[in-house]
Structures are given as C-alpha cells and as structure tokens.
There are 2 protein chains.
Amino acid sequence: MKPKDQTEKDNAKDTAYEQLARIGKAMAGPGRLKILDILRNGPRTVESLAEEAEMGVANVSRHLQVLRGAGMVDSEKKGLYVTYRVADAHVCEFFSAMCRLAEARLAEFEKIVSRFADGSEAMESVDREALVNRLEKGEIIVIDVRPEPEYRAGHIPGAVSIPAEEMASRLAELPQEKEIVAYCRGPYCLLASRAVEVLRENGYAARRMREGIPEWRAFGMPVASGEHQHETL
Amino acid sequence: MKPKDQTEKDNAKDTAYEQLARIGKAMAGPGRLKILDILRNGPRTVESLAEEAEMGVANVSRHLQVLRGAGMVDSEKKGLYVTYRVADAHVCEFFSAMCRLAEARLAEFEKIVSRFADGSEAMESVDREALVNRLEKGEIIVIDVRPEPEYRAGHIPGAVSIPAEEMASRLAELPQEKEIVAYCRGPYCLLASRAVEVLRENGYAARRMREGIPEWRAFGMPVASGEHQHETL
DNA sequence: CAAGTATTCAATTGATTTGTAAAATATATC
DNA sequence: GATATATTTTACAAATCAATTGAATACTTG
C-alpha cells in the first residue's frame, strides 16, 4: 500500500474504470449470467428465476441486487411478487457482444457450443424468412421448448410450446411426417438440443435452430405473445 | 453443496456460462480495465503498461495472464520484451458495448464522464469529416495528448503529439491564434480534459474531442502511424 | 392475524488482489 | 563460455472481497 504521488483523481473510487468494473463484476460468475440469460427471454419473479436457475431464492435475490446495481435489470413490485426484467436494449447488445467474443476467442466455449450441434446443424444460419415461410405453409412444425412463462412472454408466431421437460410425454401431439424445428433461449442454451435428441430417438426428423427469441428480436423478426391457441397440426 | 438431482451437464464446470464468466471476471476490476483501455491504443510491453497504469510490474503481469486467459489479449515475445496487444476487433466491440451500457444506465458513470466535459463540450458529436477538413485547411490544430508510444502506434493524420504531462512546458509550440482540439484515449480518459484545462488557463481557445483513436478507427476514419515530422504550425 | 414472497443478516467458505522476493528467460559483456 | 543485466513470470502470504446458505425480518394480501 504505497501512497505514491498520485493525484486525488487517479486513485479515487469514482473513476470511470471503477464504474465499468461494476458491470464486469456483475458478469463475473456463471450464476448471474444464467439469471440474465433467462431474463432476456422475458420478465420473471424471483421465485420463478430461482426454480429455473436451480438456485436458492435468497441467493437469486442477492444476485439480482448486484445486477440492478450494475444497471442491467429493473424491478417492479406488483402485489406479493417482484418482477425483474432486463433494463433496456443496451443490456442485450452487451450480452451479445460478450457471446460473440467468447465464440471467437475461447476454444472451450466453441467446443461446448458445438457439442450441442447434434450433427446436422445445417439450420445454423438458416434463412429466417424461409423458415417463417415454410412454417406458414405448414411444411414444418416449429416448437418452442423453453419453459412456458418464456413462451408466453414472446415466441415465434405459429410456434407451439412444448417445454423440453415435457417433450418425452407429449410426443403424441406431434405428427411423424413433418419436419420439426426446435428452438430455445439461444445458441448457448441446451434445452433445444435435449429436445431434438428425444425427438430423433423417437423417429422424428428434428433439427435445432441456433437462434433464440432474443436474437430473433434483434434481427427485427416478428414476435408473438400470450397463450397458444390450440389448432390442429 | 447439495447434490440434488441435476444432470451432469448442468453443474459441470464446462457450461457456456462458466466460459462467459471468464470474460466477465477479466472485466471485474478497474485495474484490468485500465490496462485493456491502454492496450486498445496500441501494443505495449509489460513494463510500459505498468508505468502507464501506475501499478507494479508483477501485478500487471498477473492481470495480463487473466486477460489472455479470457482471450482478450495476445502476447508476442521479441528479445527481452513481451509485447501485448488486444486480440481482435471483437474485443474492442465488446469494450464499446460495455461503455455504452455504462453510459446509458449508470448515473455515476455519466456524472464522471460529464465532469470531464469542461463546459463547452459542443465537440461531443462533432462532424468528424468537418474536423479533418478544418485540420487540413490549417484552421485548427489537433493535438494528441496521449503518451508518445500510443501516438506512434496510431494517430489522427496531421495531429501533433504533446503528451498531457508535457503540456505545461510545451505551450510555446502552440500559436495563440488558432483553435486547438485535444483528444486522448476516448470519452472516459482524463488526459484530454487535463490538457484543455491547462490550455484554457493560458488563454488558448481549446476544446476536447470525446472520441479517441479506438473510436476513430471503429468509425472507419484514417489513422496514421509513426513519428511526427516537424513542420511549422 | 395468517400465508406467501422477497430481502436482509450472519457466518462460513472460497477467490482475488497486491506487494515482496525469487525464479526463469534472453541479451550483452568480458 | 561464464557472468552480469534487464525483462517478465511465478511463488508466497496478508488482506480484501465475493458466493452461498439458513434463519430472521419485512412487506403485501386475504
């Protein structure tokens, strides 16, 4: 702890770097990243986040304070529940930039992500317009395998909600003839690859779409919200 | 440490979130952010970084390992010296996204940045083309107040190098009649505002340009490198 | 007041930072 | 070549900071 001859400004607690570090700290653990990733898919209460992220409620609450301290999430109290959501678009852009950096520079990250690729990841940079087109024509079925709250908060128009957890028990709802495309939270979420695995084991022609709703939104694609109205497939 | 009934994948050390957190951790302290910010302005040796950032050499070396572990910097050994540089453009984009987020969402950050504004920050979103134009016509003088190694690594064509430290003692080189525009590492660096302060105290019409060379580059503006050839002002 | 949700508190445990000193690496000198 | 010198990395120890958990507290609704 040498005092040295620094000016007051330089070692003060209120440098720009100190402030930037608040954002860095907020991203410094897997727990908070997971929470933020879930939050990117729609607003959530503390309890539902805790369940989804498989963490204690107290712990999640603590993490959320840190995220709020870094300006990344906002909260709103409605009755008994406190709902958290990502603060604004800058947060999603920042998160994306972080993912792109990881994908470009971290070999381990690349390995983990490509492990989810399941062989035929031709869907990787699928033409989104074409996907929507084929879905509208009824040529394919698109399923949203995220937990239902996220589906309700926003999904690809025409997509069906079948949470990955329930996949195995709801196969009857899906016709064998059509090609099935599954998506989840994004390229780094494992829900869709799990679902595709189950589908393939049961003889379906299933593929995964890398992009999740946050990316879909960022591309300016349409997003529907609310319950699914049951039509025949 | 409850084992719970999680699948192997979920709590493994090799989740995507765990990898992303490496980047977050690398950005979790002001020290490493300062180092990275300096590095954005050009390659540097460990020792010169230590001096610039006012940190111990051993400490800087540690920080650099962490940054390299996060894929953000590369190093190259040349003789006695090890030269570090930012790994690729993704790093700069990520850093910018972080700054934009901070500016949009952290009140304290905003306050610190605007403190450097020095009143007449009309230069804030100056037309860059116009600046180059006026500089070419000799209507203004543009000075680069960063340490010389950074000037040499890349500067605005036609700008003169006068490190902020030497500002006070090199006033004689600057004619009183012309308007002076100073720039440094970017919006969150305090060098330029210090220099402008000194200039104003001595009767100069001086202004600060918010953007630094990293931003200048990102905008696709031309960047010159090498020594300054002494012409008359 | 009772029940349910979220936050705070206290305590343990584990990481990170930083300075000093020593070790490793490369260069130059005798 | 051996030795001295300069740069960088590692090792170690002290201090600081962060994550997690269960218990206690606060807040809101019925």
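Side chains are part of it too, since the values below use all heavy atoms of this structure and drop only hydrogens, waters and symmetry mates.
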Dump the intermediate steps for side-chain contact (heavy atoms from CB on, under 4.5 Å) on A/L101 and B/M72, then the final yes or no.
CA-CA 8 Å; A/L101 175 56; B/M72 308 190 74; 3.8 Å; yes
Which atom pairs link the protein and nucleotides 1-6 of chain C when you take only N or O atoms and keep those under 3.5 Å?
from  : atom 1 : to    : atom 2 : distance (Å)
C/dT5 : OP1    : A/Y81 : OH     : 3.2
C/dA6 : OP1    : A/V82 : N      : 3.2
C/dA6 : OP2    : A/E47 : N      : 3.0

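In this structure, B/M55 places its CE atom 16 Å from P of C/dT20, rounding to the nearest Å. We find that CD of B/E76 is positioned 14 Å from P of C/dA26, with the value rounded to whole Å. The interatomic distance linking B/L64 (CG) with C/dT18 (C1') rounds to 15 Å, in whole Å. With rounding to whole Å, B/R44 atom CZ is found 16 Å from D/dT7 atom C1'. Between the P atom of D/dC17 and the NZ atom of B/K25 lies a distance of 18 Å, rounded to the nearest Å. One can place NZ of B/K78 at 22 Å from P of D/dA6, the figure rounded to the nearest angstrom. Remark: C1' of C/dT17 and NZ of B/K34 are 16 Å apart, rounded to the nearest angstrom.
Dense packing is recorded around CD of A/E201, with more than 12 heavy atoms of other residues, nucleotides or ligands lying under 6.0 Å away. The 12-atom threshold is not exceeded at CZ of A/R62, counting heavy atoms of other residues, nucleotides or ligands nearer than 6.0 Å.
Side-chain contact check for A/L49 versus A/L64: some heavy-atom pair is nearer than 4.5 Å. B/E165 is not listed as a side-chain neighbour of B/P147, based on a closest heavy-atom distance of 4.5 Å or more. Contact check for A/M209 versus A/V142: no side-chain heavy atoms found under the 4.5 Å cut-off.
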Could you pull out all donor-acceptor pairs under 3.5 Å where a side-chain atom in residues 77-96 of chain A meets a protein atom, sequence neighbours excluded?
from  : atom 1 : to    : atom 2 : distance (Å)
A/R85 : NH2    : A/E76 : OE1    : 3.2
A/D88 : OD1    : A/H90 : N      : 2.9
A/S96 : OG     : A/C92 : O      : 2.9

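Residue order along DNA chain D, read from the 5' end via each residue's closest nucleotide, puts B/R62 first among A/R62 and B/R62.
Considering only side-chain N and O atoms, B/N59 lies nowhere under 4.0 angstrom from the phosphate OP1 or OP2 of C/dT17. A/H63 has a side-chain polar atom (N or O) that falls below the 4.0 Å cut-off from OP1 or OP2 of D/dT20. A close approach under 4.0 Å does not occur between any side-chain nitrogen or oxygen of A/R32 and OP1 or OP2 of D/dA18.
Residue B/A28 is classed as having no contact, given no heavy-atom separation below 4.0 Å to the nucleic acid.
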